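Everything on this sheet refers to the single structure shown next.
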Amino acid sequence: MSKILEIKDLVIDFHSERGATRAVDGLSLHLDRGETLGIVGESGSGKSVTALSVMRLLPQPAAKMTRGEIWYDTGNAPVNLLTLPDPAMQRIRGADIAMIFQEPMTSLNPVFRCGHQVTEALQLHRKLNFSAAKEVTLQLFEQVKLPDPARIFNAYPHQISGGQKQRVMIAMAMSCNPRILIADEPTTALDVTVQKTILELMRELKEASGLSMLFISHDLGVISEICDRVAVMFQGKIVEEGQAEQILHAPEHPYTRGLVACRPSLRRRLYRMPTVADFLENKQFEAKVVSPAETTARQAALYAQKPVLEVKNVVVRYPKKKNWLGNPVDWLHAVDDVSFEVFPGETFGLAGESGCGKTTLGRSIARLTDAHAGEVWYKGVDLQQLNAEALQPYRREIQVVFQDPYASLNPRMTIGDAIVEPMQVHRLHENAGARRDKTVELLETVGLQADHFHRYPHEFSGGQRQRICVARALALQPRLLICDEMVSALDVSVQATVLNLLMDLREKFGLTYLFISHDLSVIKQMCDRLLIMNQGKIEEIGFPDQVYLNPEKEYVRRLIEAIPGRVMSNEL
């Protein structure tokens with residue numbers, strides 16, 4: 001197979017007040033015609049920076065400081081993309097080499113309709129008039145299996161789901177029939193069924209058009225589903241490269257072995273998740289499996305107690321259609337008659353696809369969303385009947401850790417102030433000095449350092465920001481912690497570290513968790529019981545082993561079958 005893209009000795013430095021940071025260090029790799037090459041590694045390993053350099057989209061001055069060669073075979077003669085004049089590069093970018101960016105919400109322009117953002121590329125590169133470009137766009141929307149293409153053509157990005165936004169991005173990338181498609185984490189934070197659909201769609205498009213694909217991901221399960229060959233990046237370098245089957249089943253480098261081991265399994269639960277650091281430090285790490293006898297003993301102890309939380313027939317609904325007077329005439333039932341119990345010290349999982357109602361249910365329990373009907377009993381008190389003043393003490397005891405840690409933190413407040421603030425509001429500790437000492441103690445508890453107190457959220461990685469949010473929740477000494485998709489956007493090694501932290505905190509502080517996730521393998525590792533939701537209703541409830549091995553409902557079976565990389569780890 002001949003090479004369509006070849007990167008030689010690529011070096012990329014970023015400069016700041018603190019000095020130079022080498023993001024990519026002497027990287028060399030190639031992409032063959034018709035091949036899907038996976039680039040895998042943790043956040044910060046240099047994967048996305050490499051992709052942006054191919055597209056010549058690096059910010060200045062990093063773009064000027066980039067060294068090395070990136071050769072693209074145009075079909076006539078190879079050209080070095082790094083030395084190509086801007087007008088020539090603009091003709092290649094989007095037309096010959098297209099890219100699907102990691103976060104579709106920030107990649108799509110919020111003030112333009114989805115269809116118009118695709119027609120723009122067609123008018124620019126294929127020189128079509130608007131009418132012809134619209135017709136092609138609608139065909140592309142059908143090709144990527146968007147429901148009601150005409151509606152989505154006129155919709156703004158905020159009016160469609162995350163999976164639909166990702167399909168619009170794929171349609172935009174495919175609009176000019178590119179020869180190379182760069183997919184940068186195209187399925188991160190999507191639920192498993194949407195993720196499976198996106199991967200199948202990309203595979204179909206690749207086979208139909210014969211394009212070559214550079215697929216970037218931190219998830220080896222996803223990589224195993226779609227890639228022919230894999231390159232593993234660590235600290236800006238390729239540490240291992242080879243056929244996907246060999247890399248995933250018999251990794252040689254300690255870093256690759258760590259990435260494989262970090263993935264939670266559907267077959268077993270561990271006392272502690274292995275991390276990449278365990279393998280890099282050459283520790284003799286042996287994963288200790290929780291035995292069935294230990295699980296049975298824990299269950300007996302948990303369920304001999306009285307429930308700490310009882311959710312009875314909760315209904316949350318939103319107006320779907322209003323009459324000319326503005327009164328609702330049709331309702332969307334986000335949560336529809338849901339009941340369950342949670343016991344002290346238990347980790348109770350809420351699972352299901354995006355839009356199934358699990359987050360709305362969690363928010364209604366914390367009284368962040370009003371329930372239309374039903375009861376939420378916490379320690380014998382119906383929280384739904386309390387006014388704001390009577391609810392205040394319970395706000396302390398029930399805390400929420402949200403999905404997006406960056407959006408949860410005030411960018412203008414230092415993280416120290418963000419943790420101190422709730423203690424001030426609830427008048428905890430004697431004075432400012434005591435609150436500061438407690439904040440430092442909490443930062444160290446979640447694995448951060450005392451000198452992080454005066455830093456701002458943007459100065460931390462995603463995993464560190466999630467730890468900050470956990471520390472802020474712990475500041476009020478809660479008894480029930482609602483974790484809403486808190487590890488869904490983290491790479492597998494950081495995810496393992498955060499899951500270990502949660503398990504340690506549960507034992508140290510006697511916490512009870514309501515753990516919301518679309519990832520059934522994470523639920524298996526963390527949860528004693530789980531409830532699977534579908535369209536606001538309970539689909540199945542029980543112990544993870546029981547539900548996974550003998551799912552009663554077809555919906556649950558589809559969720560399990562959609563988990564990427566099941567074959568790779570001989571899952572179920």
Side-chain angles (χ1 to χ4, degrees), residues 1 4-5 31-40 51 54-55 72-73 75 92-104 107-108 114-115 117-122 124-126 128 132-150 152-153 157 160-188 190-217 219 221-230 244 562 564-565:
M1 297 174 73
I4 192 170
L5 185 74
L31 175 67
D32 291 327
R33 280 183 172 78
E35 179 187 42
T36 299
L37 172 65
I39 301 182
V40 67
V54 173
M55 296 292 287
Y72 164 61
D73 188 348
I92 289 175
R93 187 192 297 123
D96 281 17
I97 307 176
M99 186 166 178
I100 303 168
F101 295 94
Q102 181 171 357
E103 179 45 69
S107 303
L108 292 170
C114 294
Q117 299 190 51
V118 181
T119 57
E120 181 185 26
L122 290 164
L124 176 66
H125 289 292
R126 292 173 59 174
L128 301 179
K134 180 178 179 180
E135 187 177 339
V136 173
T137 299
L138 291 173
Q139 290 172 0
L140 284 164
F141 282 0
E142 285 183 16
Q143 193 179 359
V144 299
K145 299 175 184 174
L146 278 167
D148 197 356
I152 290 178
F153 185 94
I160 60 177
S161 71
Q164 290 172 338
K165 282 193 278 279
Q166 197 62 284
R167 291 170 195 233
V168 170
M169 287 292 299
I170 292 171
M172 189 186 301
M174 297 300 296
S175 62
C176 297
N177 300 318
R179 301 175 71 222
I180 297 175
L181 178 64
I182 301 173
D184 185 8
E185 301 274 12
T187 60
T188 296
L190 298 179
D191 64 60
V192 287
T193 50
V194 176
Q195 181 172 260
K196 182 181 180 181
T197 308
I198 294 292
L199 291 175
E200 286 176 352
L201 170 64
M202 294 181 71
R203 196 181 296 113
E204 288 171 12
L205 293 172
K206 173 180 176 284
E207 290 171 0
S209 58
L211 57 75
S212 307
M213 194 186 306
L214 202 61
F215 193 96
I216 297 168
S217 180
D219 189 336
V222 172
I223 288 286
S224 71
E225 295 281 336
I226 198 168
C227 296
D228 304 307
R229 200 159 49 86
V230 178

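All residue numbers in this chain count up from 1 along the given sequence. Just so it is clear, the model here is predicted, and its values are computed rather than measured.
- Not counting sequence neighbours, the partners of Ile216 by the side chain to side chain contact (heavy atoms under 4.5 Å, CB included) test are Ile39, Lys47, Ala51, Ile182, Asp184.
- Looking at every heavy atom in both residues, Cys114 comes nearest to Pro157 through SG-N, 3.9 Å.
- Checked by atom type and distance alone, the side chain of Ser175 never pairs as donor or acceptor with a backbone atom of Leu122 at under 3.5 Å.
- If you take CE on Met169 and CE on Met174, they are separated by 13.5 Å, rounding to the nearest 0.5 Å.
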Between Leu211 and Leu205, does a side-chain contact (heavy atoms from CB on, under 4.5 Å) hold up when you go through it step by step? CA-CA 8 Å; Leu211 57 75; Leu205 293 172; 5.6 Å; no
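- With hydrogens and angles ignored, the 3.5 Å screen pairs a side-chain donor or acceptor of Asp228 with a backbone N or O of Thr36.
- Residues His125 and Ala95 share a closest heavy-atom pair of ND1-CB, 3.7 Å.
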Step-by-step side-chain contact (heavy atoms from CB on, under 4.5 Å) determination, Ile152 to Val168: CA-CA 9 Å; Ile152 290 178; Val168 170; 4.1 Å; yes
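- Taking CD1 of Ile198 as the start and CD of Glu200 as the end, the distance is 10.0 Å to the nearest 0.5 Å.
- Counting heavy atoms from C-beta outward, Glu135 and Leu128 have side chains that stay 4.5 Å or more apart.
- Within the 4.5 Å cutoff, no side-chain heavy atoms of Phe101 are placed close to those of Pro186.
- With rounding to the nearest 0.5 Å, the separation of OG in Ser217 from CD1 in Ile223 is 5.0 Å.
- No side-chain donor-acceptor contact under 3.5 Å links Gln117 to the backbone of Leu108.
- Taking NZ from Lys165 and OG from Ser107, the interatomic distance works out to 11.0 Å, rounded to the nearest 0.5 Å.
- In this structure, Arg93 has no side chain to side chain donor-acceptor pair (under 3.5 Å) partners at least two apart in sequence or on a different chain.
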Contacts table for residues 138-149: side-chain donor-acceptor under 3.5 angstrom, sequence neighbours left out:
from: Lys145; atom 1: NZ; to: Glu204; atom 2: OE1; distance (Å): 3.3
from: Lys145; atom 1: NZ; to: Glu204; atom 2: OE2; distance (Å): 3.4
from: Asp148; atom 1: OD1; to: Arg151; atom 2: N; distance (Å): 3.4

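- Of the possible polar contacts, none joining the Ser212 side chain to the Ile180 backbone as a donor-acceptor pair under 3.5 Å is found.
- In this structure, Arg167 CZ and Ile100 CD1 are separated by 12.0 Å, a value rounded to the nearest 0.5 Å.
- Between Arg203 and Glu207 the shortest side-chain heavy-atom distance falls below 4.5 Å.
- Residues Gly94 and Cys176 come closest through the heavy atom pair O-CB, 3.6 Å.
- For the pair Met202/Met213, a side-chain contact is recorded, criterion being any heavy-atom separation below 4.5 Å from C-beta on.
- Looking at heavy atoms from C-beta onward, Arg179 lies out of side-chain contact with Ile97 at the 4.5 angstrom threshold.
- At a threshold of 4.5 Å between non-hydrogen side-chain atoms, the residues Met99 and Leu214 do not count as touching.
- The closest donor-acceptor contact from the side chain of Lys134 to the backbone of Thr119 lies at 3.5 Å or more, if one exists at all.
- Within the 4.5 Å cutoff, side-chain heavy atoms of Asn177 are placed close to those of Arg126.
- The pair Asp73-Arg33 meets the salt-bridge criterion, since a charged nitrogen lies less than 4.0 angstrom from a carboxylate oxygen.
- Between Asp96 and Tyr72, some side-chain heavy-atom pair lies under the 4.5 Å cut-off.
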